[in-house]
Protein chains: 2
Amino acid sequence: MNKIPEKTIERMILYRRLLLGIQNNETNNIFSHQLAAMAGVTSAQLRKDLTPTGYYGSPVHGYDITQLMDSISEIIDAPQMQNVALAGLGHLGRAVLDYSQGRRPKLQIIAAFDTDPGKINRAIHGCRCYHTDEIEKVIKENNITVGILAVPVDEAQEIADRMVNAGIRGLLNYAPMQLKLPNDVYVENRDMIMAVEKAAYFARQSVKGKEGKVHESLS
Amino acid sequence: MNKIPEKTIERMILYRRLLLGIQNNETNNIFSHQLAAMAGVTSAQLRKDLTPTGYYGSPVHGYDITQLMDSISEIIDAPQMQNVALAGLGHLGRAVLDYSQGRRPKLQIIAAFDTDPGKINRAIHGCRCYHTDEIEKVIKENNITVGILAVPVDEAQEIADRMVNAGIRGLLNYAPMQLKLPNDVYVENRDMIMAVEKAAYFARQSVKGKEGKVHESLS
DNA sequence: TCATGTGAAGACATTCACAGCA
DNA sequence: TGCTGTGAATGTCTTCACATGA
């Protein structure tokens, strides 16, 4: 399997979700320009993105929706189940849990961590909450490889270190700081403060009525 | 002012925050390689990013921390105050509000919208909550140009349309869907579901012990 | 005709490498 | 020496343009 560009992966995830949404409609097929319009990309972009799947559409009928979904899933889903751990059950952690609820069968948040005694040993959406002290134990025992960091900034580095030591290979970081972690661990930063500042900056660049979009940022 | 690359803007926001964190320390100066290390980028990258500021460092003393902060702020801050509106005060909305609290004097969330009667007319962190019906009125009256969308998916498009009609020029979208909006409005998508799937994908690509980072994603 | 897949071109972003300077 | 700013080279991503086939 060749290395697939990061941006392509992001869009594949989007394409699959869009396809899922139009499944069971009257039609079983879709053309590249239709799906591209839903995703907000050009049809050429979409077709190039699909190259790594090896799935070929027909110039006459376009793509078979189900087959295309499956082909994309082969790439972006793990062969077996992938377990996820969530650190921090404040407002943000709860939001993450709510959003992720029942989305992907192959990818589930099976454990959450917090220090609040009122939350420990309770389950939300089928996800059990443990005390932060148990991070290492729970991650190892359940073979969890993906982590979500939703703790306050001042705890973020320590918790991240512990998660990585316990076996986390990919980390989604919501703390507004730059984590120092081994190079072989993937980190996806979702800095909420930066996001607002960025939106504000580009809001100023956006001149009303000017055609040709300011530009848009996926993911 | 020339058009500054999006990635550069993101990193400028990061640089400023890092500089803010080391202000009032024993030293007033910093070298590019030091700040670059904190930001997780190369020193060449940092120096290139600073070009648009017009601020010049000294080969002997590096950069003056305060002056550099100010130079960056001139670019990423609005000349006057920029007002922000937040739609949706569920867990996610609350999290956004908590994080943004007292961060940037020039950028403040001054209004929130929800339909829950228990929240309306209350204030959180000095941000007043209005009923969703008042979106147009409040946005216009307060000259709000930046919006944050933290409502459920099925309401997202309608609320977004109304915000944009009322004057929003830049929108931070947390709903896991592709909004259809005029091209001249800037949209920053922060899809929480995609973020987890992406982290999971790259977690699998990350081979333990392999040098040369998997790669990392800012913002 | 119309939609597909794809090489070639273009746009954008990062890294390299080095001149200049105290 | 050691750090800066920056042109040139490299790398990554997107768009263009067209051959192919029903």
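Per chain, numbering begins at 1; letters A, B, ... match sequence-line order.
When the nucleotides dT15(D), dT6(D), dC13(D) are ranked by their closest atom to the side chain of Lys48(A), dT15(D) comes out on top. The side chain of Tyr63(A) sits closest to dG5(C) out of dT4(D), dG5(C), dC16(C). Of the candidates dG20(C), dT4(C), dA22(D), the closest approach to any side-chain atom of Phe31(A) belongs to dT4(C).
Regarding Lys7(A), its NZ atom lies at a distance of 13 Å from the P atom of dT12(D), rounded to whole Å. The distance between atom NE2 of His61(A) and atom C1' of dG21(D), rounded to the nearest whole Å, is 13 Å. Protein atom OH of Tyr56(B) is 13 Å distant from nucleotide atom P of dC21(C), rounded to whole Å. In this structure, Leu35(B) places its CG atom 10 Å from P of dT4(D), rounding to the nearest Å. Regarding Gln67(B), its CD atom lies at a distance of 15 Å from the P atom of dT4(D), rounded to whole Å. Protein atom CD of Gln45(B) is 15 Å distant from nucleotide atom P of dT4(D), rounded to whole Å. Rounded to an integer number of Å, the gap from Leu50(B) CG to dT4(D) P is 10 Å. When the C1' atom of dT14(D) is taken as reference, atom CG of Asp49(A) falls 10 Å away, rounded to whole Å.
Across all strands shown, Thr51(B) has heavy atoms under 4.0 Å from sugar-phosphate atoms exclusively, and none from any base. Among the heavy atoms of the strands, none lies under 4.0 Å from Thr8(B). Within the nucleic acid shown, Ser43(A) has no heavy atom closer than 4.0 Å to any nucleic acid atom.
Test Gln82(A), Arg16(A), Lys106(A) against Asp77(A) for side chain to side chain donor-acceptor pair (under 3.5 Å) and you get one pass: Arg16(A).
Under a 4.0 Å N-O distance rule, the pair Asp49(A)/Lys7(A) does not qualify as a salt bridge. The pair Glu136(A)-Lys140(A) does not meet the salt-bridge criterion, since no charged nitrogen lies less than 4.0 angstrom from a carboxylate oxygen. Salt bridge Asp184(B)/Arg169(B): present, at least one basic N to carboxylate O contact under 4.0 Å.
The side chain of Ser32(A) contributes an N or O atom lying less than 4.0 Å from OP1 or OP2 of dT4(C). Proximity of Ser58(B) to the phosphate of dT4(D): no side-chain N or O atom is located under 4.0 Å from OP1 or OP2.
Taking the side chain as every heavy atom from C-beta outward, His91(A) and Val96(B) never approach each other to under 4.5 Å.
Place Arg11(A) and Pro59(A) on DNA chain D by their nearest nucleotides, and Arg11(A) ends up nearer the 5' end.
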